[in-house]
Amino acid sequence: MSTAMNFGSKSFQPRPPDKGSFPLDHFGECRSFKEKFMKCLRDNKFENALCRKESKAYLECRMERQLMAQEPLEKLGFGDLIDGKPEKN
């Protein structure tokens, strides 16, 4: 029988998610940012390069509310959109 006594086996040890995995926004804390980003994508035929500001705002919202790990914006590809730096066209 496969339901044999397994009391001697190690108990499950939870571990943090792998990088790139993050909690869902169950309470809709960043819903408005997500909706703006999705609208921008739809309006621009899903050309994500045209929606970088909306994407940056959405990721900032997620980081501020600890829905994803804090990462420097430069590492996320938004170095040219950081306040004080000119935007490349």
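What's counted below: heavy atoms across the whole structure, side chains too, no hydrogens, waters or symmetry copies.
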Asker: Identify each donor-acceptor pair in which a side-chain atom of residues 23-30 lies under 3.5 Å from a protein atom, sequence neighbours left out, and give them as a table.
Answerer:
| from | atom 1 | to | atom 2 | distance (Å) |
| --- | --- | --- | --- | --- |
| Asp25 | OD1 | Gly28 | N | 3.2 |
| Asp25 | OD1 | Glu29 | N | 2.8 |
| Asp25 | OD2 | Glu29 | N | 3.2 |
| Asp25 | OD2 | Cys30 | N | 2.7 |

Asker: To the nearest 0.5 Å, what is the distance between CZ (Phe33) and CD (Glu60)?
Answerer: 8.5 Å
Asker: Measuring from Leu76:CG to Arg52:CZ, what's the distance to the nearest 0.5 Å?
Answerer: 10.5 Å
Asker: Looking at Arg31, I'd like to know if its CZ atom is crowded, meaning that more than 12 non-hydrogen atoms belonging to other residues, nucleotides or ligands lie closer than 6.0 Å.
Answerer: no
Asker: Which value, rounded to the nearest 0.5 Å, describes the distance between Leu81 atom CG and Glu74 atom CD?
Answerer: 10.5 Å
Asker: Give the cluster check for Phe46 versus Leu50: same hydrophobic cluster or not, with ILVMFWY residues linked at side-chain heavy-atom distances below 4.5 Å.
Answerer: no
Asker: Considering only heavy atoms from C-beta outward, does the side chain of Cys51 approach that of Asn44 to under 4.5 Å?
Answerer: yes
Asker: For Gln66, check side-chain hydrogen bond (donor to acceptor under 3.5 Å, both in side chains) against everything at least two apart and list the hits.
Answerer: none
Asker: Could you pull out every donor-acceptor pair under 3.5 Å between side chains of residues 34-41 and any protein atom, sequence neighbours left out?
Answerer:
| from | atom 1 | to | atom 2 | distance (Å) |
| --- | --- | --- | --- | --- |
| Lys39 | NZ | Asp43 | OD2 | 2.6 |

Asker: Would you say the side chain of Leu73 lies within less than 4.5 Å of the side chain of Met63, judging by non-hydrogen atoms?
Answerer: yes
